[in-house]
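See below for the structure under consideration.
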Amino acid sequence: MKSTFKASIRGAAGLAFAGLALAACQTTQVEEAAVAEPLGPMAEPAPYAEGTVFHGIRNGKQVRNTLIAVEGDRYTWQRDTDGCTWTMDADIALRFGPEVSWENCNSSGTTTITNKSGDIWPLEVGKTVSYEGTGYTAGGNDWSADRTCEVEGQARVTTHAGTYDTYKVVCRTKWREMISYVSPEVGAAVKFVQRPTRSDSNSPRTDFELTRIEAQ
């Protein structure tokens, strides 16, 4: 049975953009406010079924990320605007962890993870998880795929779809910083921000806001 989750709409005209101002954390360019009430621990959501679609706004344009294949522990997603395809491994992480492979995403390649320490779930401020590994880019050299993620705080954020109290999860690698604002109400990140941290990084600057989840 197909069901559609529509993110709650607040504010004038429903989809009015809230004007994300530059906040104290300069890297996020997201205006953060205090949550209405402290959030309790958030358990990891169940894996999505094949065919699930995340609708959103990516860098100002509408986009759909579709879970096109579930094969054992491998979950493969595809973005409709450019054909970028990436695969996550449940044994490593379906959320926040490194992709095990990707194609047409500014580059193509694979990641081999050799060690994982810590556990970020259930989400609570201060919890961390770290990965050690090596990345391989088609036509390029090997590189460090080490990554550390931390639940840095709780924040209220406003997106195209509404205002949410969220956990702020920050992941850092040698090449980029990724910030996810995860809403217990929605069960997913309602906003994602990525910024390269080196001049030789091929990680694109990205701002994504979730508008709805179309679940199978």
Provide the closest heavy-atom pair for [X] versus [Y] in the form atom of the first, atom of the second, distance.
X	Y	result
C84	D82	N-OD1, 3.0 Å
S180	A189	CB-CB, 4.2 Å
I92	P98	CG2-CD, 4.2 Å
K116	V129	CE-CG2, 3.7 Å
V151	V169	CG2-CG2, 4.2 Å

Centroid-centroid under 6.0 Å between W86 and Y75 rings: no

Rounded to the nearest 0.5 Å, what separation is found between the [atom1] atom of [X] and the [atom2] atom of [Y]?
X	Y	atom1	atom2	result
R147	S130	CZ	OG	11.0 Å
T137	N106	OG1	CG	10.5 Å
D89	R74	CG	CZ	4.5 Å
L210	I57	CG	CD1	10.0 Å
F54	R212	CZ	CZ	12.5 Å
M42	L123	CE	CG	5.5 Å

Give a yes or no answer on whether the side chain of [X] reaches the backbone of [Y] with a donor-acceptor pair at less than 3.5 Å.
X	Y	answer
D146	K174	no
T52	A215	no
E152	K168	no
N59	D207	yes
E209	H160	yes
D165	Q154	no

Hey, does [Y] have a side-chain heavy atom less than 4.5 Å from the side chain of [X]?
X	Y	answer
P196	R205	yes
R58	T206	yes
I213	V53	no
P47	L94	yes
V157	V190	yes

Could you give me the CA-CA distance, side-chain angles and deciding distance for Q78 and T85, then say whether side-chain hydrogen bond (donor to acceptor under 3.5 Å, both in side chains) is met? CA-CA 4 Å; Q78 185 172 70; T85 303; 3.0 Å; yes

Take I179 and F192 through the side-chain contact (heavy atoms from CB on, under 4.5 Å) test and state the conclusion after the steps. CA-CA 6 Å; I179 303 164; F192 171 79; over 6 Å; no

Check K127 with E150, please: is the shortest side-chain N to carboxylate O separation under 4.0 Å? no

Any Lys/Arg nitrogen of R156 or E32 sitting under 4.0 Å from an Asp/Glu carboxylate oxygen of the other? no

Do [X] and [Y] sit in one hydrophobic cluster, given that two such residues count as connected whenever their side-chain heavy atoms are within less than 4.5 Å of each other, even indirectly?
X	Y	result
V186	F96	no
Y131	V100	yes
Y181	V125	no
V170	F208	yes

Of M178, R176, Q194, the residue whose pairing with C171 passes side chain to side chain contact (heavy atoms under 4.5 Å, CB included): M178

Do H55 and Q62 meet the criterion of a side-chain donor-acceptor pair at a distance under 3.5 Å? no

Is it the case that T111 and W102 place a side-chain donor and acceptor less than 3.5 Å from each other? no

Between V193 and V30, does a side-chain contact (heavy atoms from CB on, under 4.5 Å) hold up when you go through it step by step? CA-CA 9 Å; V193 178; V30 178; 3.8 Å; yes

May I ask you to decide if the ring planes of W175 and W143 are parallel, tilted or perpendicular, using 30° and 60° as cut-offs? perpendicular

Apply side-chain hydrogen bond (donor to acceptor under 3.5 Å, both in side chains) to residues T158 and T163 and explain how you reach the verdict. CA-CA 4 Å; T158 298; T163 298; 3.0 Å; yes

E177 and R195: CA distance, side-chain angles, deciding distance, salt bridge (Lys or Arg N to Asp or Glu O under 4.0 Å) verdict: CA-CA 5 Å; E177 179 182 66; R195 298 289 181 263; over 6 Å; no

For N141, does the CG atom sit with more than 12 other heavy atoms under 6.0 Å from it, leaving out its own atoms? no

Would Y167 and E124 count as a side-chain hydrogen bond (donor to acceptor under 3.5 Å, both in side chains) if you check the C-alpha gap in whole Å, the side-chain angles of each, and the deciding distance to 0.1 Å? CA-CA 8 Å; Y167 277 103; E124 294 181 88; over 6 Å; no

